[in-house]
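Reading through the structure tokens given below for one structure.
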Amino acid sequence: MTNDPTQAPPRTELSQDSKIFLGNRLFSEKTCITCHAIDSKHKAPSVVEIMQVYKAHDADIVAFLKGHAKPIVDTTTSQVAIMQDNIDGFLKKITDEELDAIATYMMHVDELSKKQ
């Protein structure tokens, strides 16, 4: 490691609370909230419903969001097509850290909604 003062030090991993905060913000900014309400069906399954299925199957939501896994939530063909367009489009531009934050937020959204 060099002592170059112009280089930023490596960033430490975000805490779980920071990931949840960032994931919540990204979920809105990246327009996920347009189709996925937190705990009720809107245009597509709710986040709580999605995560219940993923938790029950011990599945990886990040793999799905990266396009590396097929959808496992019962939904319509048109909803799957819309989500696939999102995966092939803007989700390819999201960093692994951002996807991890979105997944962490989604994983804990049911607990967060109970606190409100």
Check: Do you know which two heavy atoms are closest between Thr34 and His42, and how far apart they sit?
Finding: O-CD2, 3.0 Å

Margin query: Tell me whether Asp74 at atom CG has more than 12 heavy atoms from other residues, nucleotides or ligands lying less than 6.0 Å away.
Written below: no

Checklist line | Spacing of Ile61 atom CD1 and Asp100 atom CG [to the nearest 0.5 Å] | finding: 12.5 Å

Would you tabulate the side-chain donor-acceptor contacts of residues 23-32 under 3.5 Å, counting partners in other chains and residues two or more places apart, or write 'none'?
{"from": "Arg25", "atom 1": "NE", "to": "Glu29", "atom 2": "OE2", "distance (Å)": "2.8"}

Note to self: As a quick check of understanding, evaluate side-chain contact (heavy atoms from CB on, under 4.5 Å) for Met51 and His108, giving each step before the final call.
What the structure shows: CA-CA 9 Å; Met51 294 317 297; His108 296 280; over 6 Å; no

Next item on the list: Establish whether Val73 and Ile82 are linked, either directly or via other cluster members, by ILVMFWY side-chain heavy-atom contacts under 4.5 Å.
Entry: no

Check: Would a 4.5 Å heavy-atom cut-off, applied to side chains only, mark Lys19 and Glu13 as touching?
Finding: yes

Notebook entry, point to check: Any link between Val80 and Met106 through a network of hydrophobic side chains (Ile, Leu, Val, Met, Phe, Trp, Tyr) touching at under 4.5 Å?
Noted result: no

Item checked: Heavy-atom pair of closest approach, residues Ile87 and Phe64 -> CD1-O, 3.3 Å

Item checked: Worked check of side-chain contact (heavy atoms from CB on, under 4.5 Å) between His36 and Met83 -> CA-CA 11 Å; His36 299 285; Met83 193 63 208; 4.3 Å; yes

Margin query: Any heavy-atom pair between the side chains of Val62 and Asp96 that's under 4.5 Å?
Written below: no

Check: So do Asp39 and Asp110 actually touch side chain to side chain, heavy atoms under 4.5 Å?
Finding: no

Notebook entry, point to check: If you count the non-hydrogen atoms of other residues, nucleotides and ligands that lie under 6.0 Å from CZ in Phe21, is the total more than 12?
Noted result: no

Next item on the list: Please report the shortest heavy-atom distance between Lys66 and Lys92, naming the atom on each side.
Entry: O-NZ, 3.8 Å

Note to self: Membership question, hydrophobic clusters at under 4.5 Å side-chain separation (ILVMFWY): are Ile102 and Phe90 in the same one?
What the structure shows: yes

Check: Hey, what do you get for OG1 (Thr104) to CD (Glu97), rounding to the nearest 0.5 Å?
Finding: 10.5 Å

Check: So do Ile38 and Ile33 actually touch side chain to side chain, heavy atoms under 4.5 Å?
Finding: yes

